[in-house]
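The figures that follow rest on heavy atoms only: side chains count, while hydrogens, waters and symmetry mates do not. Quantities reported herein were computed from a predicted structural model and do not represent experimental measurements. Here, residue 1 is the first one in the sequence, and each next residue gets the next number.
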Amino acid sequence: MHVRKGDTVVVVTGKEKGKRGKVLRILTKKDRVLVERVNMVKRHTKPSQKHPQGGIIEKEGSIEISNLQIYCPKCDAPRRTGVKVREDGKKQRTCRKCGEVFEAAER
């Protein structure tokens, strides 16, 4: 996957096109991603301990992973990622255009 939890991504297609947010969760079996404050959906919920009132709750819906690109702060734009191998043999994700190394996000 070209996107990891904690990455800042930009939606490149669909009704949410142009929105930017942080990856909250990755659903690998479905190839979908939850992005912070993007694709908000409303859920009608019964009262529970977490939500004692119940009612209508707004939360993030999932987005197809192919509709996202990682955000490069140096280029200030969404970019495709490339891979470079360091001297110690570990791989790093980089911006294909400027070569900026994307920090290892939390796992």
Side-chain angles (χ1 to χ4, degrees):
M1 301 248 175
H2 65 283
V3 175
R4 292 185 186 159
K5 182 179 176 181
D7 285 344
T8 303
V9 293
V10 179
V11 181
V12 291
T13 59
K15 68 177 186 174
E16 303 287 328
K17 182 177 180 177
K19 289 191 178 177
R20 184 170 38 180
K22 189 170 132 182
V23 175
L24 300 175
R25 192 168 158 212
I26 297 178
L27 309 169
T28 53
K29 291 184 180 179
K30 294 182 178 181
D31 286 334
R32 296 183 78 81
V33 177
L34 292 178
V35 181
E36 187 176 48
R37 304 297 303 159
V38 175
N39 195 26
M40 298 301 285
V41 294
K42 294 184 181 195
R43 292 281 178 246
H44 295 73
T45 58
K46 290 182 178 180
S48 64
Q49 278 193 323
K50 190 174 181 184
H51 302 287
Q53 283 290 80
I56 301 170
I57 310 268
E58 255 196 303
K59 63 182 202 175
E60 290 89 0
S62 63
I63 299 176
E64 178 69 30
I65 198 163
S66 64
N67 295 342
L68 300 174
Q69 282 188 342
I70 196 162
Y71 175 76
C72 178
K74 189 174 178 184
C75 299
D76 193 34
R79 296 287 183 219
R80 296 177 70 181
T81 56
V83 176
K84 285 188 180 173
V85 181
R86 297 190 308 194
E87 301 85 39
D88 59 355
K90 293 192 178 185
K91 295 179 182 177
Q92 283 184 322
R93 294 177 305 151
T94 61
C95 175
R96 279 207 182 157
K97 192 111 176 182
C98 69
E100 175 81 6
V101 175
F102 298 118
E103 295 298 319
E106 54 190 84
R107 286 192 167 196

If you link I, L, V, M, F, W and Y whenever their side-chain heavy atoms are under 4.5 Å apart, who else ends up in the same group as I65?
-> M1, V3, V9, V11, V23, I26, V33, V35, V38, I63, L68
Step by step, would you call K5 with R25 a side chain to side chain contact (heavy atoms under 4.5 Å, CB included)?
-> CA-CA 6 Å; K5 182 179 176 181; R25 192 168 158 212; over 6 Å; no
Members besides V10 in its Ile/Leu/Val/Met/Phe/Trp/Tyr cluster (side-chain heavy atoms under 4.5 Å) = Y71
Can you measure from CD (E36) to CE (M40) and round to the nearest 0.5 angstrom?
-> 9.5 Å
Measure across C98 and C75 and return the closest heavy-atom pair with its distance rounded to 0.1 Å.
-> SG-SG, 3.4 Å
Hey, mind stepping through F102 and D7 against side chain to side chain contact (heavy atoms under 4.5 Å, CB included) and telling me if it holds?
-> CA-CA 9 Å; F102 298 118; D7 285 344; 5.7 Å; no
Answer yes or no: is there an ion pair linking K90 with D88, defined by an N-O contact shorter than 4.0 Å?
-> no
Do the side chains of I56 and E58 get nearer than 4.5 Å, heavy atoms only?
-> no
Can you tell me how far OG1 of T45 sits from NZ of K59, rounded to the nearest 0.5 angstrom?
-> 9.0 Å
Main-chain N/O of R37 paired to E60 side chain as donor or acceptor, under 3.5 Å | yes
Salt bridge check: are R32 and E64 linked by an N-O gap of less than 4.0 Å?
-> yes
Expected output: side-chain N39 to main-chain S62 donor-acceptor under 3.5 Å | yes
Residues sharing I57's hydrophobic cluster, by side-chain heavy-atom contacts under 4.5 Å among ILVMFWY, directly or via others?
-> none
Provide the closest heavy-atom pair for P47 versus Q53 in the form atom of the first, atom of the second, distance.
-> CG-O, 4.0 Å
For R96, does its backbone N or O pair with a side-chain atom of R79 as donor and acceptor, under 3.5 Å?
-> no
For the student: nearest non-hydrogen atoms of T81 and H2, plus distance | OG1-CB, 3.7 Å
